[in-house]
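In this text the structure is predicted, and so the values were computed from the model without any measurement. Worth knowing before you read on, the calculation uses all heavy atoms, side chains too, and leaves out hydrogens, waters and symmetry mates.
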Amino acid sequence: MFALVDCNNFYASCERAFNPALEKKPVVVLSNNDGCIIARSNEAKKLGIPMGAPYYQWRQRCEDNQVQVYSSNYALYADMSQRVMTILRSFCPHMEVYSIDEAFLVIDQFTENDVIAYANDIRNTIKTHTGLPVSIGISTTKTLAKIANHIAKKHTSAGVYDLRSITSQEKVLPHFPIGDVWGIGRQLKKKLEPFRIHTAKDLRDADLKLLRKNFSVVVEKIIRELRNVSCIPLEAIQPRKQIISSRSFGKTVTSLNDLEEAVSTYTSIACLKLRNQKSHARGIHVFLQTNTFKKNDPQYAMGASCMLPIPTAHTNDMIRIAKKCLREIFKPGFKYHKAGIMLLDISPQTIRQHDMFLSDNQKKETLTDTIDQINQKLGKNTLFYCAEGIEKSWQIKTCLRSPRYTTRWDELVVV
DNA sequence: TCTGGGGTCCTAGGACCC
DNA sequence: TCTGGGGTCCTAGGACCC
């Protein structure tokens, strides 16, 4: 038996948890650079504000309706997520953190009635300890638990829905749109329609062989999961296979110097993530681009990679080759809008192929460890590489960000 | 004026091996 | 006239997720 616990309107709810004045009011949270709307409270959804819409197109509507608008505050959301996950783990250690606001639990030890009480206990505990509302969907497979969660969120006031029985499945699946099924996106929806598949029930009852011939194994798994056959197992937390760091700039960037600072900063962010998961990487890919929305501006987008002889997790090693890549692709005269980096060929630090002709550099290890420890103790970026820049004029503006209530001593909530 | 930032998995095709 | 059968690895592109 799977339960999917999903926080309602997560980012918007985090803002509300520390600011009760937002209760019952429409709230939206914006993406980096205050570009797009990426979270909405129920009140904001009712105003017709769509997910992912560019903010500038909806700004007037927001102002007219006194919508409370926030820049994203990832320090806060990440910390709140950890609190929720810690509570969930205390209920059920057999769990998979699926995203910042969702987790699957495997709960096999319960009888029919107990499980509802158990789910309610989880909801109440999370609400009491964090202030965040969650919904819980329960069923026999992950795909069905996802559907149950949708129902819990939209059609019940209880916040818990049990979709294990055939009776409940017969009631729900005929009305559940195919595009809302986990794993069916826009393209698959379009391709399934000629097969007269419009609802979750249509897909469940479809001819498996016919669909397998026309679609990938992904679709076959979804069909089987809808038939109560579990094909997508609970997964343990794995180290990332790919680490990306990229941002749009706060202003148009034209100089190589600004790009170098930005790319060095992103490299530093990514390398810290890399070390935190005890991995190292053998290379880096650097990319930059102009603003693709500005059709009249000359466009340029390019990337370049560079590999090291042996993997590293040291920021200084990586910044050095990142800059080398950047200089290869930089062309003067363009108005740059975004740059980023991707770490390549990530592997665990325990697996290490030494270079016969290079000696280990113990000093470098000590340096990196010390920097990390100081930053851990005294706050992010207490020490940083000068290559990252000091003024960082290219950096994003987040003028609507709420305080980092839970991770900064100087931004604690005042009661 | 103004349009985010991460991730994963699958498949096909090419290059190579014996 | 006629040209096998079985593998692996890598990459790009596409689809999906939050």
Whole-Å distance separating the [atom1] atom of [X] from the [atom2] atom of [N]:
X        : N      : atom1 : atom2 : result
A/Asn8   : C/dC18 : CG    : P     : 14 Å
A/Lys294 : B/dT1  : NZ    : C1'   : 8 Å
A/Asp6   : C/dC18 : CG    : P     : 8 Å
A/Ile49  : B/dT3  : CD1   : C1'   : 16 Å
A/Ile222 : C/dA15 : CD1   : P     : 14 Å
A/Ile178 : C/dC16 : CD1   : P     : 12 Å
A/Asp34  : B/dT1  : CG    : P     : 18 Å
A/Lys295 : B/dT3  : NZ    : P     : 12 Å

Tell me what [X] touches on the nucleic acid: a base, only sugar-phosphate, or nothing, going by heavy atoms under 4.0 Å.
X        : answer
A/Leu188 : sugar-phosphate
A/Ile100 : nothing
A/Lys191 : sugar-phosphate
A/Glu102 : sugar-phosphate
A/Lys251 : nothing
A/Tyr55  : nothing
A/Asp101 : sugar-phosphate

A/Lys142 side chain near C/dC17 phosphate (N/O to OP1/OP2, under 4.0 Å):
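False: A/Lys142 side-chain N/O out of range (4.0 Å or more) of C/dC17 OP1/OP2.
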Does A/Lys189 put a side-chain nitrogen or oxygen below 4.0 Å from OP1 or OP2 of C/dA15?
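It does not, given that no N or O in the side chain of A/Lys189 lies less than 4.0 Å from OP1 or OP2 of C/dA15.
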Between A/Ile147 and A/Val172, what is the shortest heavy-atom contact and its length?
CG2-CG1, 3.9 Å
Is there a donor-acceptor contact under 3.5 Å from the side chain of A/Ser81 to the main chain of A/Tyr77?
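No, A/Ser81 side chain to A/Tyr77 backbone: no donor-acceptor pair under 3.5 Å.
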Are any side-chain N or O atoms of A/Gln68 and backbone N or O atoms of A/Gln66, one a donor and one an acceptor, separated by less than 3.5 Å?
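Checked: pair present.
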The criterion is salt bridge (charged side-chain N to carboxylate O under 4.0 Å, His left out); which residues satisfy it with A/Arg227, sequence neighbours excluded?
none
Heavy atoms of other groups near A/Glu63 CD, more than 12 under 6.0 Å
yes
With salt bridge (Lys or Arg N to Asp or Glu O under 4.0 Å) as the rule and sequence neighbours excluded, what pairs involving residues 122-142 of chain A come up?
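Sorted result for residues 122-142 of chain A: A/Glu96-A/Lys142.
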Applying salt bridge (Lys or Arg N to Asp or Glu O under 4.0 Å), which residue pairs with at least one partner in residues 300-322 of chain A are found, sequence neighbours left out?
A/Asp317-A/Arg320, A/Asp317-A/Lys364
Look at the side chain of A/Tyr56 against the base of B/dT1 and say whether a donor-acceptor pair falls under 3.5 Å; ignore hydrogens and angles.
no
List, one per line, each side-chain donor-acceptor pair under 3.5 Å for residues 174-191 of chain A, sequence neighbours excluded.
{"unit_1": "A/Trp182", "atom_1": "NE1", "unit_2": "A/Tyr98", "atom_2": "OH", "d": "3.2"}

Using atom P of each nucleotide, how far apart are B/dT3 and C/dC18 to the nearest Å?
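The same atom, P, in both gives a distance of 25 Å.
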What stems involve DNA chain C, if each pair must be Watson-Crick or G-U and both of its distances must be under 3.5 Å, with 3 or more such pairs in a row?
B:5-18 with C:5-18
Could you walk me through whether A/Leu88 and A/Val97 satisfy the side chain to side chain contact (heavy atoms under 4.5 Å, CB included) test, starting with their C-alpha distance in whole Å, then the side-chain angles of each, then the deciding distance to 0.1 Å, before giving a yes or no?
CA-CA 10 Å; A/Leu88 286 176; A/Val97 178; over 6 Å; no
5' to 3', nucleotides 4-12 of chain B under a 4.0 Å protein heavy-atom cut-off (B base, S sugar-phosphate only, - none) gives SSSSBSSS-
Would you give the length of the straight line joining atom CG of A/Leu288 to atom CZ of A/Phe334, rounded to the nearest 0.5 angstrom?
10.5 Å
